[in-house]
Each structure stands twice: as structure tokens, then as C-alpha cells.
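See structure below.
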Amino acid sequence: MIFSGQSLTAKLLDDGIVELCFDSKGSVNALNLATLQEYKAAIAAIDNCEEAKGVIVTSAKSTFIVGADITEFTDMFKTPDDEIADVFKSSSDIFDAFEDLNVPTIAAINGIALGGGCETTLVCDFRVASTNASIGLPEVKLGLMPGFGGTVRLPRVIGVDNSLEWMTTGKAYKAQQALDFGAIDAVTTPEQLKDVALSMLKDAIAGDLDWRARKQVKLEPVKLSEIEHVMSFNAAKGMVFAKAGKHYPAPMATVNLLEKAVKLDRTGAMLLENQAFGVLAKTDAAAAQIGIFMADQVVKGKAKRAAKTATKAVNKAAVLGAGIMGGGIAYQSAFKGTPIVMKDINDAALELGLNTASGILSKLADKGRLTSKKMAGVLNNITPSLSYDSIKGTDIVIEAVVENPAVKSSVLKEVETKVAQDAIITSNTSTISIDLLSESLEKPERFCGMHFFNPVHKMPLVEVIRGKHTSDDTIAAVVAYAAKMGKSPIVVNDCPGFYINRVLFPYFAGFSQLLTEGADFTAVDKVMSKEFGWPMGPAHLLDVVGLDTADHCTDVMAKGFPTRMPKQDNDAVQLLYKNGKFGQKNGSGFYDYSKDKRGRPVKVASPSSIELLSGICAEKAQFSNDEIIARIMIPMVNETIRCLEEGVVDTAAEADMGLLYGLGFPPFRGGPIRYLETLGLDNFIATADKYAHLGEIYQVTDGLREMARAGKSYFTTDVKTK
């Protein structure tokens, strides 16, 4: 054994070949700080081994290296600006040292090799991948760029244009795709991977493969004419800006870096990468996107633990109420492998539900993402029925009938008599109290909320709502089933609006107040979408939700929080709804909806709605972008904090992911709590206090003031105050 560490070993095989094997203590290999230091020591040991004639890099895990352990590097990102480049250079120098070994090297890539894992393969002279490999540089998705030399080596291996595509999109590529790009040299079966890699390495040792030329090309500037250089980077800048826009700096920073670095040798290019990485690491966008990654791990970790602790497996499900929502739920369950009964009281509804599911499948098939066999299998997993007898053998029932407490209670009461004693019953309600609905059941401990978001197949979030009688076993089974459906479940406690709607409607209330003061809803929409980054502004979102639905939810919130969320006297939503404007569902709301000659959707501000609103709103007034954002976002952030303090949602991570997955909160802002902490608690409080006279939704909690005084973070502190 040449070197033995906690995460990797280097041992001398026959014929002078050294096997450098990554084998971390966890389930996968990741490049943390300790592993990097062992990597450095192993390289030195190999360099000092006189018998070494070549190196094969392998993994003892089912995957190669999943990437760098970002959780260990975030503290490094706080290094002062004038020192941060040197911090990252100390890490990238390790990869340079491996590349400079005076023997041929090859990577045997099994499974995932992403980020730092991909960069570990790029320092090798040759690369062989198994058919199950996945290779790429996804750092841009964390608001970063490759930091271990990836920006330097990839353009010299696969060319500038291909590298720009890899690094600005962050895509992962299958083995054959990587081979087509030239990122690897061969693809073979997992069983033959090591033998093929050893055979190639022996050919290199024997001089049949020119490994020195492979090394040399990565040390020199990229051979690119001035015309090719200008064309490549001008085209890349246009495409990246069109796709990433101004809110995501990492893709354009990568393009700008490569534009300079490809003209330099490795030493010069690496210094530029160290500097550019350091700049990106300190951006708010990187902090937000890394925060999302870590928060997502919290959510996924809880789902995995629920699956392990669940005492009941869901092998067959049922949804009551077909239509668009029921059809979407049925599709999602069936597509992910759990057969589901779709029960309704009439054939028309069942047909609509089946058409919803088949329509989603047809679109996937048209895009080449689904085979006819898979499509048939999914549809066969959905059993339409008019009879309650069909749900007798199901493990879970999702009630998705009309949003009316009397109707839902009646259905739930009947359902309980039709299913097994240990079957779980859930309600897909967006507003009705789970505790209220549970009163109709003999065994409320097996009942909870399971709130899906429309369209079900696109929206990742499922709110699992715990009632006061809901058992832990019920929650665990429902969370596990939601995760099995491919969703991200977040457990919340019962309250008016649960979590998502509870924080959404203060946001709408702030918008409505602005309208009454003379704000132009089209201008507000533009600011909140283009400047703040929401997928759509509040007026457009209200149209999508449905003004009838929004008005009903406003009543629920007013009843639940009468002093904080009372219904406004001059409420724009109620006015439009009472005048027959429901939004997208009937073609008219704040906007009028139609289609052009080519069948493409058209949205224009509704003249009749503008006329109606003029009767309750002040004369047109101008508001700055900052004021619009503050007036609408402060109520949402304040309500999110209240939900944390009251224990409606457990953690800041889940609070952020809930709005990201359920409402499309701008990822570059990281979620409401990340946004709050990026602004700074003191700054947020000062701004909110300026608007405190507008109502309780603008008044910050005592808990927030105490957090600010103590200099605490919501991501590391238990904030419950009740």
C-alpha cells in the first residue's frame, strides 16, 4: 500500500500500475476538505514511488464521485475578498499536481461523476466510462462555476463551444453523449470497466497511446483563431443572457472567464478561475442557490426517514373526485408505479380525469420522452370507477371533491365505512381545516391533509397537513407515499390556509392595497416578475388561481385572522369576481385571455376590468420599484416568520422550499427567509416599520426583533415562540 486514508487508498498493482481508489465512509464519494488533503498526500506518495508506471483512478462505491461537499466550503466563501482567490488556489493546485504526474493516468468512471467528480476525471490523460455513467459540471445551478480546474481543462478536451454548453447549462450527460462530445475515450459495461481501463493504461505505458500529448494540450492555450474566438463568445453571450437573464450571474461569468482564459496557458487560466470563482462565491445568488440545495436536502432527508419509519406501505391508492385535479393526482401516482382507483359519481367527470392523464402522457410521447408501452402501462394503472366497492382494497384514499366543508365531510364519513380499518384517509383541501373535517370520522388519527398544487404533474410540492388527532404513523406513511410519487412533501400543522396559502394571501392583500392607492396592476406585475423574479406578477397569478377561488380563500383567511387579514372594503378581487370575472378559467380577470391565429395564448390588460377598478381605486399614482416590492413582499415575509414562530412549519429550510416548490419563489433569492437574511434583519425591520401604519400584515413580530438584536440566523436557531 502506497497510501491509506479514511476516504481513499493508493496501492501498487502488477506491472507498476497504481490504483488510486476513492472509498469514503458514507454511501457515496464526495470531495470534502479532508478528502482533498488525502488526495494531495496520495499524489505525493505516487510521485515518490519509483515503481509507479501508471495510475488508474477508481471508485469502490456504486458511483464515482458525486461532487464537492458544498456544506464544507460555504465557510470558505466568507473569506475576505483579497484572500479568497488564494484559498481556492490551494485546492485547485492539488488537481494540477495530479495532472503533472510523470506517468500516464486514466479514470474508470462508474456512475455519477459530477462537479468535482468530473474535474477529477479531467486531470487524467484518458477516461473510460461505464454505460451507467453520468458526467457533467452542474456548478452553475449553485450560482458558481467549476473551481478545481474544470473551466481550464474542459475547453482543451472537448472544445470551446461544447464547454460553454456544458458549463452554462449545468447538464449531466450520459456516457454515450459524453463520448460523442469527446469528454471520454471509451464506453463499456460496468463489469468490464476496470479491465478496459487497465488495458488502455497498459497501452499508454507501452507507448501505443501518446499520453504526453494528452497532458500537453491541457497546459497550452486553446488553438482558436481570432474569428472563431469572436464568433463563439458573441453567440454564447447572446444565448446565455436570453436564458439566464440578469438575476443569475454564474452563466455569464463563466462565459466571460473562458473568453479570457482560453488564450492563456494553464497557469494563467487557473489564476483567472480562482479569482472568478471567488467573486461568484460571495454573490447573493450563490448564497441563495446553495441554500436551496441544502434546504432541499433537509426536505429529502425527512422524506427518507419517514419512508424508513412508516409502518404502513402504500401499494394501492384511490382518489375521490376525478376532473382535472383528480386526473392529475391519478396520473402522478400511476406514472410513479402505484396503481390508483379514480372514483367519481358520473361518467363525464371520469372521462375528464382520464383525458387529463392521457393528455399529459401524450405530450411526453410527442416529445420522445415516453414509449407507447410505458404510456399504456400508466393508463392501465388507473382504474376509473363509479362504485365505492372499488376502493375497498386501497391503502390510502385522497379525497379531492369540491372545496366545500359539508360536501367533503359527507364524503369522508362515507369513505371511512368502505375501506380497511388501517387504510389512511386524506383530503386534498387548500383551505378547509383538517381538524374540522376530522370531526366527521370515527378514527381521526388515520386522517390528514394532502394538498397538491395545480398542475399536479408540474408542481413539486405536497403539503402534508397534520391535524390535532393525526398519528405519527399516518404522517410517516403519507410523506413516504408523496415522495414515492416524485413529490417533495413538507409537513405543516393545521391552521387557516395551512402554510402556503396563509403566507400567499397577505402578499395578495399588499397588492390589493396598492391598487386602491392608484397603482397600475400591469406595472406591479412587471416589477414583481421582471425585477423581483416571480414567474408572474400578483394580478396574473390571481387570474391563474381563479378570482372566485381567491375570493373564497380571502374569506377563510379573514375568518381565521380577523385583525390581520380582514377583507378590504374596496377589494379588487371581490369586485371583479362579483362582476363575473373569474380569471383564466372563463377568459377574463385582471387580463383578458384569448388565442392568436396560430393558437398561441394572448394576455392583455382587460379594459372592462380597468374600468371597474377605477370606481374603487384612487387616481393613477406612481410607485418606485423598491416601494412596490416592499409593499408586497413584507406581508409575505412577516407571515412566514409567524408560521415559523408558531410551529406551523418546522424549519426555515422547509419554509423556503415550500414557497419555491409551491409558488415558484425566485430561486436566485432562495426563499422568503433567505431573502430576509440577504436583506439583513435590521434593514428589513426598518423598512417594515415605515409601513406599519398600513396594518398588522406590515408589523414585524417581537420574535423577529429579538433575532435581530441577538444577531441570530433562522437557519441555525429554534425560533418557536409559542
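Residue numbers start at 1 and run along the sequence shown.
The residue from Glu51, Lys53, Lys202 that alone fulfils the side-chain contact (heavy atoms from CB on, under 4.5 Å) condition with Ile17 is Lys202.
Remark: side-chain polar atoms of Thr35 are not paired, donor with acceptor, to backbone N or O of Ser7 under 3.5 angstrom. Judged by distance alone, the side chain of Ser163 and the main-chain N or O of Leu154 form a donor-acceptor pair under 3.5 Å. No donor-acceptor pair under 3.5 Å is formed between the side chain of Glu83 and the backbone N or O of Pro80. The backbone N or O of Arg127 sits less than 3.5 Å from a side-chain atom of Asp185, completing a donor-acceptor pair. When atom types are taken as modelled, the side chain of Thr678 and the backbone of Arg674 share a donor-acceptor pair closer than 3.5 angstrom. Put simply, the side chain of Glu19 never gets that close to the backbone of Lys11: no donor and acceptor are under 3.5 Å apart. Side-chain N or O atoms of Lys243 include none that pairs as donor or acceptor with a backbone N or O of Pro251 at under 3.5 Å. Remark: side-chain polar atoms of Asp23 are not paired, donor with acceptor, to backbone N or O of Thr9 under 3.5 angstrom. Side-chain atoms of Lys484 come within 3.5 Å of backbone N or O of Val314 as a donor-acceptor pair. Under the 3.5 Å distance criterion, the side-chain polar atoms of Asp125 are left unmatched by any main-chain donor or acceptor of Arg214.
Side-chain contact check for Phe665 versus Asp656: every heavy-atom pair is 4.5 Å or farther apart. Residues Lys61 and Ser27 have side chains not in contact (no heavy-atom distance under 4.5 Å, counting atoms from C-beta outward). Side chains of Leu33 and Gln37 form no contact here, defined as non-hydrogen atoms less than 4.5 Å apart. Two residues are said to be in side-chain contact when any heavy atoms from C-beta on lie closer than 4.5 Å; Glu165 and Tyr173 meet this criterion. Between Ile106 and Trp211 the shortest side-chain heavy-atom distance does not fall below 4.5 Å. Proximity of Ser92 to Asn274: side-chain heavy atoms (C-beta onward) are separated by under 4.5 Å at one or more points. With contacts defined as side-chain heavy-atom distances shorter than 4.5 Å, the pair Ile673/Leu644 qualifies. Residues Tyr248 and Gln289 are in side-chain contact: their nearest non-hydrogen atoms beyond the backbone lie under 4.5 Å apart.
No donor-acceptor contact under 3.5 angstrom links the side chains of Thr267 and Asp265, judged on distance only. If you check the side chains of Thr651 and Glu654, you find a donor sitting under 3.5 Å from an acceptor. In summary, the side chains of Ser59 and Asn29 do present a donor paired with an acceptor at a separation below 3.5 Å, with no hydrogens or angles considered. With hydrogens and angles left out, the side-chain atoms of Glu677 and Ser713 include a donor and acceptor closer than 3.5 Å. Residues Ser232 and Asp161 have side chains that bring a donor and an acceptor to within less than 3.5 angstrom of each other. In this structure, a donor-acceptor pair under 3.5 Å is present between the side chains of Lys25 and Gln6.
Looking at every heavy atom in both residues, Leu20 comes nearest to Ala10 through CD1-CB, 4.1 Å. For the pair Val187 and Thr131, the tightest heavy-atom approach, listed with the atom from each and the gap, is CG1-CG2, 3.8 Å. Closest heavy-atom contact between Gly117 and Leu31: N-CD1, 4.3 Å. When all heavy atoms of Pro489 and Ala303 are compared, the pair lying nearest together is CG-CB, 4.2 Å. Heavy-atom minimum distance, Asn32 versus Glu72: CB-OE1, 3.3 Å. Counting all heavy atoms, side chain and backbone alike, Ala213 lies closest to Asp210 at N-OD1, 3.1 Å.
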Quick one: side chains of residues 290-301, donor-acceptor pairs under 3.5 Å with protein atoms, not counting sequence neighbours, listed by atom name and distance.
residue : atom : partner : partner atom : Å
Asp296  : OD1  : Tyr661  : OH           : 2.4
Asp296  : OD2  : Lys300  : NZ           : 2.9

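Stacking of Lys374 on the aromatic ring of Phe335 is recorded, both the 6.0 Å distance cut-off and the 45° axial limit being met.
Enclosure of atom NZ in Lys312 by more than 12 non-hydrogen atoms of other residues, nucleotides or ligands within 6.0 angstrom is indicated. Shown here is Lys282, whose NZ atom has more than 12 heavy atoms of other residues, nucleotides or ligands within 6.0 Å.
Here Phe95 and Tyr39 bring their ring centres to under 6.0 angstrom of each other.
The distance from atom CG of Leu681 to atom CZ of Arg709, rounded to the nearest 0.5 Å, is 11.5 Å. Of the inter-residue distances, the one linking Leu12 atom CG with Phe3 atom CZ reads 16.0 Å to the nearest 0.5 angstrom. One finds the CG atom of Leu122 at 7.0 Å from the NZ atom of Lys218 (value rounded to the nearest 0.5 Å). Atoms CD1 and CD, on Ile94 and Glu38 in that order, are 11.0 Å from each other to the nearest 0.5 Å. Atom CG of Leu114 is separated from atom OG1 of Thr120 by 11.0 Å, given to the nearest 0.5 angstrom. Between the CG atom in Asn48 and the CD1 atom in Ile43 there is a gap of 12.0 Å [rounded to 0.5 Å].
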Applying salt bridge (charged side-chain N to carboxylate O under 4.0 Å, His left out) to Glu99 and Lys215, what does each step give before you reach the verdict? CA-CA 7 Å; Glu99 189 168 57; Lys215 285 187 189 294; over 6 Å; no
Apply side chain to side chain contact (heavy atoms under 4.5 Å, CB included) to the pair Ile641 and Leu676, showing each step before the final yes or no. CA-CA 10 Å; Ile641 291 165; Leu676 164 68; 3.8 Å; yes
What's the verdict on side chain to side chain contact (heavy atoms under 4.5 Å, CB included) for Glu119 and Glu139, showing C-alpha distance, side-chain angles and the deciding distance? CA-CA 11 Å; Glu119 290 173 291; Glu139 288 85 353; 3.7 Å; yes
Step by step, would you call Leu144 with Phe277 a side chain to side chain contact (heavy atoms under 4.5 Å, CB included)? CA-CA 7 Å; Leu144 301 170; Phe277 188 94; 4.1 Å; yes
If you apply the rule side chain to side chain contact (heavy atoms under 4.5 Å, CB included), what do you find for Ile135 with Phe64, and how did you get there? CA-CA 10 Å; Ile135 304 166; Phe64 189 72; over 6 Å; no
Assess whether side chain to side chain donor-acceptor pair (under 3.5 Å) is satisfied between Asp93 and Ser90, documenting all intermediate values. CA-CA 5 Å; Asp93 281 350; Ser90 65; over 6 Å; no
Pair Asp96-Arg153, salt bridge (charged side-chain N to carboxylate O under 4.0 Å, His left out): steps then yes or no: CA-CA 10 Å; Asp96 289 353; Arg153 295 183 178 93; 2.4 Å; yes
Give the C-alpha distance, both sets of side-chain angles, the deciding distance and a yes or no for salt bridge (charged side-chain N to carboxylate O under 4.0 Å, His left out) between Arg266 and Glu220. CA-CA 6 Å; Arg266 188 187 75 182; Glu220 298 174 350; over 6 Å; no
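By the 4.0 Å N-to-carboxylate-O rule, Lys302 lies close enough to Asp650 to be salt-bridged with it. Under a 4.0 Å N-O distance rule, the pair Glu259/Lys237 qualifies as a salt bridge.
The aromatic rings of His247 and Phe668 sit parallel, their planes meeting at an angle under 30°, below the 60° perpendicular limit.
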